[in-house]
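To keep things clear, I will list the structure first and then write my remarks on it.
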Amino acid sequence: MPSQTRVNAATPAGTEHDTEPPRPATPSVVRPKKLFSVPAPVKQIFDKFPLTTYEAEDIPGNVHNSGSSGRNRLFVFIDPKQAATGAPSFNPQCLKWQAYLKFVGIDFDLVPSNNHASPTGALPFLYPALPAATRSPIPSNKLQKWAIEQVHCEEEQQLNIRFDVYASLIDHRIRNAWLHQLYLNELNFKQVARKRYINPATSSSAVRTALAVQLQSAARDELLKYSDYIDVNTLEADADSAFEALSTLLGENEYFFNRSQPGLFDANVFAYTHLILDENMGWKYNRLAHLLSKHENLVRHREVLLQKYFS
């Protein structure tokens, strides 16, 4: 009669007892002192070539290169050739912080990157200059605090109680319309999103297809957080009302909240208005540009910032 193996009920699932066949009984007993002994030939090899623990690798972009050790480095979505000239990023979140740091007078180099290279899984992030002993990557949600500490600039949220209310128009209504126009309009997705986010990442057609599905699915899921279904007319109408509110807020002033210098709110608005109006983006369908162009002060605001800080 074949032998049966009894499973110990106390053994947790996934251990070797669940997967390995039963072992035959061994007549001899292994003494504890020999349990971790190393055969002499193996020991001789390791004595000659001992194990070495290497330091952790730097984050992508060669941030420790001596040539850039004295410079702040901002990691963003951008074409390498454009990074060398300090051109605006093609990603609104990256452009927002790129512009803000310029506005407050912080100098930095741009480094082309992607979300996988970020410590938080999202761009942008900044790697500050020396001293190396105290520097660590700064994610976007801590960039304003870091900038204020560097140049002692004002924090806009404390200067105007309307800041958060109007910021929500950008972060929700305009952003949602942007997501649909860029990722869910098939013409734009092929001509704009694919060329910037997918094609540079890999030459594999299979991987590109998978990335495309992921990007469009993520955009769709984000929009469905605010509605049971996606209605492009509603999204564009919401963006239209947001542009009108921002235009009223700006009025005849050069910068928002009648500031003498542009700040974080100006950077947030510019991040979308510039990319919506930028002919180099290659838009095939751009309803947002039509809605935005009705407000001359917003168009002028974008042109002033572009010429002053990105020319």
Side-chain angles (χ1 to χ4, degrees), residues 72 74 76-77 86-108 122-126 138-179 226 235 238-278 288-289 291-311:
N72 300 310
L74 185 66
V76 298
F77 286 109
S89 167
F90 55 76
N91 176 272
Q93 181 70 0
C94 291
L95 181 53
K96 169 186 173 180
W97 292 106
Q98 179 187 357
Y100 175 70
L101 294 178
K102 282 179 172 288
F103 295 167
V104 298
I106 293 178
D107 196 18
F108 57 88
L123 293 180
F125 69 94
L126 182 135
I138 301 172
S140 60
N141 62 350
K142 295 183 179 180
L143 273 176
Q144 186 182 25
K145 180 178 182 295
W146 176 82
I148 291 173
E149 293 172 350
Q150 304 305 306
V151 297
H152 307 292
C153 56
E154 297 173 316
E155 187 172 4
E156 291 170 81
Q157 290 91 327
Q158 297 176 355
L159 298 178
N160 198 301
I161 59 175
R162 297 177 295 171
F163 183 96
D164 291 335
V165 175
Y166 282 96
S168 67
L169 294 177
I170 307 170
D171 297 336
H172 295 289
R173 293 191 175 192
I174 294 177
R175 177 174 179 267
N176 287 349
W178 166 272
L179 290 176
Y226 307 99
L235 292 173
D238 287 345
D240 189 18
S241 64
F243 287 138
E244 184 175 358
L246 291 174
S247 177
T248 301
L249 177 64
L250 180 60
E252 298 299 322
N253 299 319
E254 188 171 20
Y255 305 122
F256 283 94
F257 303 116
N258 199 23
R259 289 169 55 93
S260 60
Q261 295 293 327
L264 182 61
F265 194 89
D266 295 274
N268 203 3
V269 174
F270 174 79
Y272 285 99
T273 58
H274 169 65
L275 295 177
I276 289 171
L277 297 175
D278 186 9
L288 291 179
L291 300 175
L292 175 59
S293 297
K294 295 188 300 181
H295 307 285
E296 295 181 1
N297 58 347
L298 295 181
V299 175
R300 183 176 64 253
H301 176 267
R302 176 251 182 180
E303 292 174 349
V304 168
L305 294 177
L306 183 64
Q307 291 298 321
K308 187 172 182 179
Y309 294 96
F310 293 91
S311 60

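Everything numeric here is computed off the predicted structure, so don't read it as measured data.
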Residue pair [X] / [Y]: nearest heavy atoms and the distance that separates them:
X	Y	value
N297	G251	ND2-O, 3.1 Å
F125	P139	CB-CA, 4.1 Å
P124	V76	CB-CG1, 3.9 Å
L123	Q93	O-CG, 3.8 Å
V299	L277	CG2-CD1, 4.2 Å
C153	V104	SG-CG1, 3.9 Å

Salt bridge (Lys or Arg N to Asp or Glu O under 4.0 Å) filter on D238, not counting sequence neighbours, yields none

Can you name the side-chain hydrogen bond (donor to acceptor under 3.5 Å, both in side chains) partners of [X], sequence neighbours left out?
X	result
K308	none
N253	none
R300	none
E252	none

Evaluate the side-chain proximity of [Y] to [X]: yes if any heavy-atom separation is below 4.5 Å, no if none is.
X	Y	value
R162	L249	yes
Y272	L288	no
L246	I174	yes
L306	P88	yes

Who passes ring-ring contact (aromatic ring centres under 6.0 Å, His included) against [X], sequence neighbours left out?
X	value
F103	Y309
F90	Y197
Y100	W97
F265	F163, F256, F257

Restricting to pairs with a member in residues 167-177, which pass side-chain hydrogen bond (donor to acceptor under 3.5 Å, both in side chains), not counting sequence neighbours? D171-N268, H172-Y226, R173-S241, R175-E222

Are the side chain of Q98 and the backbone N or O of S89 linked by a donor-acceptor pair below 3.5 Å? yes

Do any N or O atoms from the side chain of S293 and from the backbone of A289 form a donor-acceptor pair under 3.5 angstrom? yes

Hits for side-chain contact (heavy atoms from CB on, under 4.5 Å) against E254, two or more places apart or cross-chain, chain-then-number order -> V304

Quick one: side-chain contact (heavy atoms from CB on, under 4.5 Å) partners of E244, sequence neighbours excluded? H295

More than 12 heavy atoms from other groups under 6.0 Å of CD on E296: no

Rounded to the nearest 0.5 Å, what separation is found between the [atom1] atom of [X] and the [atom2] atom of [Y]?
X	Y	atom1	atom2	value
I148	L143	CD1	CG	11.0 Å
L95	D278	CG	CG	9.5 Å
I276	H274	CD1	NE2	11.0 Å

Partner of L101 by side chain to side chain contact (heavy atoms under 4.5 Å, CB included), out of D107, L74, V151: L74

Using a 6.0 Å distance limit plus a 45 degree cone around the ring axis, check whether K102 lies over the aromatic ring of F310. yes

